[in-house]
A.B. asks: 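Input: one structure, supplied below.
These figures come from a predicted structure and were not determined experimentally.
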Amino acid sequence: MKKISFVVLGAIIFFCSIAIAEEGMTKSLAIEFEDTLTDTSGHSPVLAKNIKFVEGKSGKGVMLDAETVLAYETKGILTSKVGVIDFWFKPNWDGMEKKTRFLMVDDENHFQIMKTEYGSICFRIFTDDWKNGLLLNIPVNNWKPGQWHHIIVDWDVEGETVLQIDQQVAKGWVKLGGSTVTLGKTIFFGPSRNASADSVANGTIDQLLMFVKKEKK
């Protein structure tokens, strides 16, 4: 069974205070959003428009509203086979609302973290032919505006994938069929530049971490 353990030693040293107990894992992106979109390893966004730094979980975060466009190149920070995304999100909406909202999506729509119109946060990953994939859901009907939530996705297209939100966990296995999973060249936060204004995340993101894992041979 996979285990991801988090030891918080204080907000000021957040990025030095997370211990990931999983062999072969390397941090690929770490953004504090303290008036910068460049991560601790020098990764900068390929698209950044109308960025608003606001009060975050610790220090500052970035508001993902209808005017914001924020995207990073997937090369070097994400793979289609295995990885981890860990972040905090504060919605400006009620979990019972009947709207779809994208928190993260690649430009091929194969990789999605989103809020559904049915009141759940889901992780979806699709094969290139759109015939197979994985959908994991966790209900968020009790979410209220202005409350912070911790979201973690740990995916493995050849093994178990885990979605964790606060203390709730959902697990599943990707169905590949005869296809593969290929990510787009960029990943957008909240959502892509081509999405409708009605599907924006409309909330604040903070303490974003990504990890790549050694792929199975």
Side-chain angles (χ1 to χ4, degrees), residues 4-22 25-79 83-93 101-107 111-115 121 123 140 143-154 163-166 185-193 195 200-213:
I4 305 176
S5 61
F6 300 88
V7 182
V8 180
L9 302 180
I12 296 177
I13 56 171
F14 171 74
F15 285 96
C16 299
S17 66
I18 295 183
I20 302 289
E22 190 165 347
M25 184 180 293
T26 303
K27 188 187 298 180
S28 58
L29 192 72
I31 311 177
E32 299 176 347
F33 296 113
E34 299 303 311
D35 291 320
T36 180
L37 300 174
T38 301
D39 91 321
T40 53
S41 299
H43 292 286
S44 296
V46 291
L47 285 170
K49 297 180 180 179
N50 301 312
I51 302 300
K52 305 176 186 71
F53 293 100
V54 297
E55 182 181 359
K57 180 69 172 62
S58 173
K60 294 183 179 180
V62 163
M63 173 64 67
L64 301 177
D65 60 18
E67 299 175 348
T68 302
V69 178
L70 179 60
Y72 289 78
E73 186 178 17
T74 54
K75 183 179 180 181
I77 67 169
L78 284 177
T79 74
V84 174
I85 294 179
D86 178 332
F87 63 101
W88 286 83
F89 182 74
K90 182 178 71 172
N92 292 331
W93 36 264
R101 297 189 179 278
F102 287 91
L103 278 60
M104 295 184 189
V105 58
D106 74 316
D107 55 1
F111 185 99
Q112 304 172 0
I113 302 175
M114 61 183 292
K115 180 251 178 195
I121 293 289
F123 170 67
V140 295
W143 279 21
K144 300 299 179 186
Q147 297 178 348
W148 284 100
H149 299 278
H150 193 190
I151 300 174
I152 304 168
V153 178
D154 181 350
L163 169 65
Q164 179 174 337
I165 302 177
D166 300 329
K185 293 182 179 179
T186 54
I187 183 165
F188 287 83
F189 302 151
S192 78
R193 58 186 168 186
V200 299
N202 190 19
T204 303
I205 188 171
D206 197 9
Q207 298 183 358
L208 172 64
L209 295 169
M210 292 188 184
F211 297 84
V212 292
K213 294 188 289 185

A.B. asks: Between Leu208 and Phe189, is any pair of side-chain heavy atoms under 4.5 Å apart?
C.D. replies: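 Leu208 reaches Phe189 side chain to side chain.
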A.B. asks: When rounded to the nearest 0.5 angstrom, what distance separates CG in Leu64 from CE in Met104?
C.D. replies: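 Going from the CG atom of Leu64 to the CE atom of Met104 covers 8.5 Å.
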A.B. asks: Taking only residues two or more places apart in sequence or in another chain, which ones pass side chain to side chain donor-acceptor pair (under 3.5 Å) with Thr36?
C.D. replies: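 Applying side chain to side chain donor-acceptor pair (under 3.5 Å) to Thr36 gives none.
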A.B. asks: Is a side-chain N or O of Ser28 found less than 3.5 angstrom from the main chain of Met210, in a donor-acceptor match?
C.D. replies: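 Yes: the side chain of Ser28 pairs with the backbone of Met210.
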A.B. asks: Do side-chain atoms of Asp206 reach the backbone of Ser58 as a donor and acceptor pair under 3.5 angstrom?
C.D. replies: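 Yes: the side chain of Asp206 pairs with the backbone of Ser58.
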A.B. asks: Would you please classify the geometry between the Trp88 ring and the His150 ring as parallel, tilted or perpendicular, with 30° and 60° separating the classes?
C.D. replies: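 It falls in the parallel class, under 30°.
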A.B. asks: Output all residues satisfying side chain to side chain contact (heavy atoms under 4.5 Å, CB included) with Asn202, sequence neighbours left out; order by chain, then residue number.
C.D. replies: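 By the side chain to side chain contact (heavy atoms under 4.5 Å, CB included) rule, Asn202 matches Asn92, Trp93, Arg101, Val200.
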A.B. asks: Take atom NZ of Lys49 as the centre, draw a 6.0 Å sphere, and report whether it contains more than 12 heavy atoms from other residues, nucleotides or ligands.
C.D. replies: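 No, because the 6.0 Å sphere around NZ of Lys49 holds 12 heavy atoms or fewer from other groups.
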A.B. asks: Take Phe89 and Thr204, measure what side-chain contact (heavy atoms from CB on, under 4.5 Å) needs, and give me the verdict at the end.
C.D. replies: CA-CA 6 Å; Phe89 182 74; Thr204 303; 6.0 Å; no
A.B. asks: Can you tell me if Asp39 uses its side chain to pair, donor with acceptor, with the backbone of Ala30 under 3.5 Å?
C.D. replies: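 Yes; judged by distance alone, with no hydrogens or angles, the pair exists.
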A.B. asks: Quick check for you: to the nearest 0.5 Å, what is the distance between Asp154 atom CG and Asp86 atom CG?
C.D. replies: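 One finds 10.0 Å between CG of Asp154 and CG of Asp86.
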A.B. asks: Could you list the residues that satisfy salt bridge (charged side-chain N to carboxylate O under 4.0 Å, His left out) with Lys144, not counting sequence neighbours?
C.D. replies: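 Checked Lys144 against salt bridge (charged side-chain N to carboxylate O under 4.0 Å, His left out); matches are Asp94.
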A.B. asks: Is there side-chain contact between Thr26 and Phe211, with at least one heavy-atom pair below 4.5 Å?
C.D. replies: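 Side chain of Thr26 against side chain of Phe211, heavy atoms only: no contact under 4.5 Å found.
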A.B. asks: State which residues pass side chain to side chain contact (heavy atoms under 4.5 Å, CB included) with Glu55; sequence neighbours excluded, sorted by chain then number.
C.D. replies: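 Not a single residue meets the side chain to side chain contact (heavy atoms under 4.5 Å, CB included) criterion with Glu55.
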A.B. asks: Examine Phe188 together with Tyr72 and report whether their ring centres are nearer than 6.0 Å.
C.D. replies: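 No, the ring centres sit 6.0 Å or more apart.
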A.B. asks: Carefully, step by step, assess Ile85 and Ile152 under the rule side-chain contact (heavy atoms from CB on, under 4.5 Å).
C.D. replies: CA-CA 6 Å; Ile85 294 179; Ile152 304 168; over 6 Å; no
A.B. asks: Between the main-chain N or O of Met63 and the side-chain N or O of Thr68, is there a donor-acceptor pair closer than 3.5 Å?
C.D. replies: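 Checked: pair present.
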A.B. asks: Are the aromatic rings of Trp143 and His149 close, with centres under 6.0 Å apart?
C.D. replies: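 For Trp143 and His149, the ring centres are under 6.0 Å apart.
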A.B. asks: First locate atom CD1 of Ile187, then atom CD of Gln112, and finally report the distance between them rounded to the nearest 0.5 Å.
C.D. replies: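 The CD1 atom of Ile187 sits 10.5 Å away from the CD atom of Gln112.
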A.B. asks: Kindly indicate whether the side chain of Ile151, heavy atoms from C-beta on, has any atom under 4.5 Å from the side chain of Leu103.
C.D. replies: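 The answer is yes, as the side chains (C-beta and beyond) meet within the 4.5 Å cut-off.
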A.B. asks: Can you find a heavy atom in the side chain of Ile121 that is under 4.5 Å from one in the side chain of Met114?
C.D. replies: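 Answer no - side chains too far apart.
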A.B. asks: Can you list the residues that meet the side chain to side chain donor-acceptor pair (under 3.5 Å) rule with Ser44, with sequence neighbours excluded?
C.D. replies: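 In terms of side chain to side chain donor-acceptor pair (under 3.5 Å), with neighbours along the sequence ignored, Ser44 is linked to Thr38.
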A.B. asks: For Asp107 and Thr186, does a side-chain donor sit closer than 3.5 Å to a side-chain acceptor?
C.D. replies: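 Yes, Thr186 and Asp107 have a side-chain donor paired with an acceptor closer than 3.5 Å.
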A.B. asks: Would you compute the distance between atom CD1 of Ile31 and atom OG1 of Thr40 and round it to the nearest 0.5 angstrom?
C.D. replies: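 Output value for this atom pair is 9.0 Å.
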A.B. asks: Sequence neighbours excluded, which residues qualify as salt bridge (charged side-chain N to carboxylate O under 4.0 Å, His left out) partners of Lys60?
C.D. replies: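 Partners of Lys60 under the salt bridge (charged side-chain N to carboxylate O under 4.0 Å, His left out) test: Asp35.
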A.B. asks: If I take atom CD1 from residue Ile77 and atom CG from residue Leu29, how far apart are they, to the nearest 0.5 angstrom?
C.D. replies: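 If we round to the nearest 0.5 Å, Ile77:CD1 and Leu29:CG are 5.0 Å apart.
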